[in-house]
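These notes are about the structure you will find just below.
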Amino acid sequence: MDVVVLVSGRGSNLRAICTAIDAGECDATIVGVVSDRKSAGALEFAAGRGIPTRTVALRKGDDRDSWNESLAEEVAALEPDLVVLAGFMRVLGPPLLQRFPGRIINVHPALLPSFPGHNGPQDALDGGVRISGCTVHIVDAGVDTGPILAQAPVPVLTEDTADTLHARIQVQEHQLLPRVIHQIAIGAITLDPLTRAH
Ligand code: GRF
């Protein structure tokens, strides 16, 4: 199964997917890494592994519709079976969603549907929950609203800050995301954009 990974940041989830692939635990090939930020550490890591990289930057004042079109073009040119958002910090527009219906997944640092958005760990602390975690879900037009594929719990400690909680959540993300990709690759998870996935 050919996978394109979309990133905005340092790419620890991208590394985890590569580690699982190398270990024979994730039956996928990363055919490209696409970022909205030239400076994303994930791009450097990907290039170092010989993975094709692309940047489709969205700067202040840029037309968002054209950016969405360009992003969809770049991703589609890599011909993936699956698109994985691993720390991609933008909401996807119709062009990419329509080209890959139900074939885009995202990892989020909270137990959805609680605490969607950019501040999952902080929002979980503010909400006073004792258990948070991470979620892998199918991407739809909303913000972290698509059908849930898998989740892993992480206890919230009284001394936690958003950073310490996020760091422990990431440990779980690095297990969960490659596992879900593998399950999709072997057909153990069926992606269906119209119904809850199982
Ligand atoms: C992860 O915590 C993910 O849940 C969120 O962004 C973070 C990306 O981290 N969507 P990294 O770039 O993979 O290290």
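All residue numbers in this chain count up from 1 along the given sequence. For the numbers below, each heavy atom of this structure counts, side chains included, while hydrogens, waters and symmetry mates do not. All values derive from a computational prediction rather than experimental measurement. All ligand and atom numbering here is 1-based and tracks the order in the structure.
- If you check which protein heavy atom lies closest to atom 6 (O) of ligand 1, you get Gly87 CA, 3.4 Å.
- Under a 3.5 Å cut-off, the side chain of Thr135 and the backbone N or O of Ala110 do form a donor-acceptor pair.
- Ligand-side atoms of ligand 1 in range of Glu173: 1 (C), 2 (O), 3 (C), 4 (O), range being under 4.0 angstrom from any heavy atom.
- Only one option out of Val34, Asp36, Leu6 pairs with Val56 in a side chain to side chain contact (heavy atoms under 4.5 Å, CB included); it is Val34.
- Near His108, the atoms of ligand 1 lying under 4.0 angstrom from a non-hydrogen atom of the residue are 4 (O).
- A distance-only check finds no donor-acceptor pair linking the side chain of Asp2 to the backbone of Asp81 [under 3.5 Å].
- Annotation for ligand 1: atoms under 4.0 Å from non-hydrogen atoms of His166 are 1 (C), 2 (O).
- What sits closest to atom 12 (O) of ligand 1 on the protein, heavy atoms only, is Gly11 N, 2.9 Å.
- Residue Val107 approaches ligand 1 through these ligand atoms, each under 4.0 Å from one of its heavy atoms: 3 (C), 4 (O), 5 (C), 10 (N).
- Each of the following atoms of ligand 1 lies closer than 4.0 Å to a heavy atom of Ser12: 11 (P), 12 (O), 13 (O), 14 (O).
- A side-chain N or O of Asn106 and one of His137 form a donor-acceptor pair less than 3.5 Å apart.
- For the residue pair Ile30 and Cys18, the shortest heavy atom distance occurs at CD1-SG, 3.8 Å.
- Of all the heavy atoms of Gln170, the ones lying under 4.0 Å from any atom of ligand 1 belong exclusively to the side chain.
- The shortest N or O to N or O distance between Gly9 and ligand 1 is not under 3.5 Å.
- Between the side chain of Asp63 and the backbone N or O of Ser66, at least one donor-acceptor pair lies under 3.5 Å.
- Under the side chain to side chain contact (heavy atoms under 4.5 Å, CB included) test applied with Ile104, the options Asp140, Ile138, Leu96 reduce to a single match, Leu96.
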